[in-house]
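Per chain, numbering begins at 1; letters A, B, ... match sequence-line order.
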Number of protein chains: 2
Amino acid sequence: MKKDVSTEQKIKDAARKVFMTKGFSGCTTREIAKSVGINVALLNYYFRSKGKLFELILEAALSDFVDSMVEVFKQDLPLESKTRMLIDKEFEFLRKHPELPLFIHAGLNQESDAELDQSNFLGRLHKTGIFEECEKAQEEGSMRKVNMINVTLLFMSNCHFPIMSKKLICGIYQIDNQEHEARLNEHQEIVKEMLINYLFPNTNKHA
Amino acid sequence: MKKDVSTEQKIKDAARKVFMTKGFSGCTTREIAKSVGINVALLNYYFRSKGKLFELILEAALSDFVDSMVEVFKQDLPLESKTRMLIDKEFEFLRKHPELPLFIHAGLNQESDAELDQSNFLGRLHKTGIFEECEKAQEEGSMRKVNMINVTLLFMSNCHFPIMSKKLICGIYQIDNQEHEARLNEHQEIVKEMLINYLFPNTNKHA
DNA sequence: ACTTATTTTAAACAAATGTTTAAAAATGAC
DNA sequence: GTCATTTTTAAACATTTGTTTAAAATAAGT
């Protein structure tokens, strides 16, 4: 019964890779099975259907995202340092999984129901105490008074979009991967400074 | 031969709507045909194939985007006013076509070749003189010295992402459409202030 | 070793899909 | 009205696709 890696896990890994790059309806069960080296029927033996398998992968992807955020929020650091760290971690994480943001957004649109809070993402974030921490800082006046949803939007916009827009940017500006990487590295610093200046306006700027 | 609207155009309109919401492989030619009220064969009579039709729609969508940018850039206004106007126009445009950003990014990933600069987007932008205008402002010191690709990224990130992430945000924060709209309206102002402060740091803030 | 349960496969199924063919309907020219 | 051209349709074609069935191979229990 024991293998190096269980068949079930091998299928999940392959499915993740294929779904990520091609989307749910952009690939076939046979394509996934082939990339694992197994029969199509085995897919439905372990998971009941293509759709069920996809839901699993999507949920896991979302979870990965929240995990990387939680990890930073839990750190015992001043808010401003956490902000820098969050941005750095996000860029680092997304450089390793550049297809993830697009996959998640496209995936959520595919599933009309989108039972997104089964995994209780909001609860996991709350447990880190980050919301109270921001609230306190906002009352103290060290942090700008902005709704936390808007704060989230600011972070995600400026971290996720630069990664997911690679093809568009390279296409419009006619640049290659190397140049794009350079722009991305610079952007990471730009975003850090811009967001910190905006959210913590009273801090001395190092300029 | 003359109709109120030509069949060809009706197909394009329907295809645009369907492709936008479901993606290339997320819909069928029959689905498009049905929504026009015509036979499947007529699709391939006017356009040669599903793929060719899709390319047309995608190209047009990209063109719409650039058009709305060009329109603002051509205005005879100080850079800072143009910035405000660009952000307002982008939000306005995207509220009307919220599926567009995701459609474009997913579409570009689907087409491996992505002959994106057939429409010469860069050239159209150049012709507005916006690049020279920014370069001059940067030398004068009124605008922060940031590569124009990064400037583009800043604008797109902060305008496009908030729109395309609606389902994700509503799912995580468990908010309804109305609350999301309120966040979006506020975000529009946030983005304007943040970007202007960052790009034109020497201007007096109205605070 | 024999039996039972689990894992894997080959083959088949029915439905869906992109595309084509050939004929009918509509339109325009004269 | 007749003929030729354009537009539209119904039907068919060959694949593809998600899923199932039934049997074979493997592992586990005793």
Side-chain angles (χ1 to χ4, degrees), chain A residues 1-60 103 106-115, chain B residues 1-60 103 106-107 109-114:
Chain A
M1 194 192 189
K2 294 281 175 290
K3 317 262 185 67
D4 340 321
V5 182
S6 73
T7 308
E8 191 173 338
Q9 189 56 45
K10 275 198 284 185
I11 296 178
K12 271 199 221 172
D13 291 342
R16 181 186 160 103
K17 194 179 293 181
V18 177
F19 277 142
M20 285 268 180
T21 52
K22 307 205 172 184
F24 175 72
S25 36
C27 71
T28 72
T29 53
R30 281 172 176 80
E31 187 178 353
I32 296 171
K34 197 171 186 177
S35 92
V36 194
I38 54 147
N39 194 286
V40 226
L42 209 54
L43 262 174
N44 290 3
Y45 172 75
Y46 281 107
F47 314 90
R48 286 185 12 199
S49 69
K50 187 192 182 187
K52 190 80 200 84
L53 177 57
F54 182 76
E55 274 180 43
L56 234 81
I57 305 292
L58 179 59
E59 198 103 359
F103 168 70
L108 285 180
N109 269 40
Q110 213 114 38
E111 303 214 50
S112 51
D113 51 347
E115 334 139 356
Chain B
M1 195 191 192
K2 294 282 174 293
K3 317 263 184 68
D4 340 320
V5 183
S6 74
T7 308
E8 191 173 339
Q9 190 56 46
K10 277 198 282 186
I11 297 178
K12 270 198 223 174
D13 291 342
R16 181 185 158 103
K17 194 178 295 182
V18 176
F19 278 144
M20 285 268 181
T21 52
K22 306 205 174 186
F24 175 72
S25 36
C27 71
T28 73
T29 54
R30 282 171 176 81
E31 187 179 354
I32 296 171
K34 197 171 186 177
S35 92
V36 194
I38 55 147
N39 195 286
V40 226
L42 209 53
L43 262 172
N44 290 5
Y45 172 74
Y46 282 107
F47 314 89
R48 285 185 14 201
S49 69
K50 185 190 184 188
K52 188 81 198 82
L53 176 57
F54 181 77
E55 274 180 43
L56 234 82
I57 305 291
L58 179 59
E59 199 102 0
F103 168 71
N109 269 41
Q110 214 115 36
E111 303 212 50
S112 51
D113 50 349

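Taking 4.0 angstrom as the limit, A:Thr7 places none of its side-chain polar atoms (N or O) nearer than this to OP1 or OP2 of C:dT7.
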Acceptor/donor pairs from residues 22-30 of chain B side chains to any protein atom, 3.5 angstrom cut, sequence neighbours excluded:
| unit_1 | atom_1 | unit_2 | atom_2 | d |
| --- | --- | --- | --- | --- |
| B:Lys22 | NZ | B:Glu31 | OE2 | 2.8 |
| B:Ser25 | OG | B:Gln110 | NE2 | 3.1 |
| B:Thr28 | OG1 | B:Arg30 | N | 3.4 |
| B:Thr28 | OG1 | B:Glu31 | N | 3.0 |

List the atom pairs, with distances to 0.1 Å, where a side-chain N or O of residues 12-21 of chain B and a protein N or O form a donor-acceptor pair under 3.5 Å, not counting sequence neighbours.
| unit_1 | atom_1 | unit_2 | atom_2 | d |
| --- | --- | --- | --- | --- |
| B:Asp13 | OD1 | B:Gln9 | NE2 | 3.1 |
| B:Arg16 | NH1 | B:Asp64 | OD2 | 3.3 |
| B:Thr21 | OG1 | B:Lys17 | O | 3.2 |
| B:Thr21 | OG1 | B:Val18 | O | 3.2 |

Donor-acceptor pairs under 3.5 angstrom involving side-chain atoms of residues 35-43 of chain B: please list them, not counting sequence neighbours.
| unit_1 | atom_1 | unit_2 | atom_2 | d |
| --- | --- | --- | --- | --- |
| B:Ser35 | OG | B:Ile32 | O | 3.1 |
| B:Asn39 | OD1 | B:Ala41 | N | 2.8 |

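Aromatic ring centroids of B:Phe54 and B:Phe103 lie under 6.0 Å apart.
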I need a per-nucleotide contact map over nucleotides 19-25 of chain C, read 5' to 3'. Cutoff is protein heavy atoms under 4.0 Å; write B for the base, S for backbone only, - otherwise.
BBB----

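Counting only residues at least two apart or on different chains, no salt bridge (charged side-chain N to carboxylate O under 4.0 Å, His left out) pair has a member in residues 41-51 of chain B.
Rounded to a whole Å, the CG atom of A:Leu43 is 14 Å from the P atom of D:dT17. Regarding B:Lys34, its NZ atom lies at a distance of 16 Å from the C1' atom of D:dT9, rounded to whole Å. The CG-P distance, from A:Leu42 to C:dA11, rounds to 17 Å in whole Å.
Interface residues of residues 8-18 of chain B facing DNA chain C, ordered by number: none; criterion, heavy-atom separation under 4.0 Å.
Checked against side-chain contact (heavy atoms from CB on, under 4.5 Å), B:Lys34 has no partners two or more places apart in sequence or in another chain.
Within 4.0 Å of B:Ile38, counting heavy atoms only, lie sugar-phosphate atoms of the nucleic acid but no base atom.
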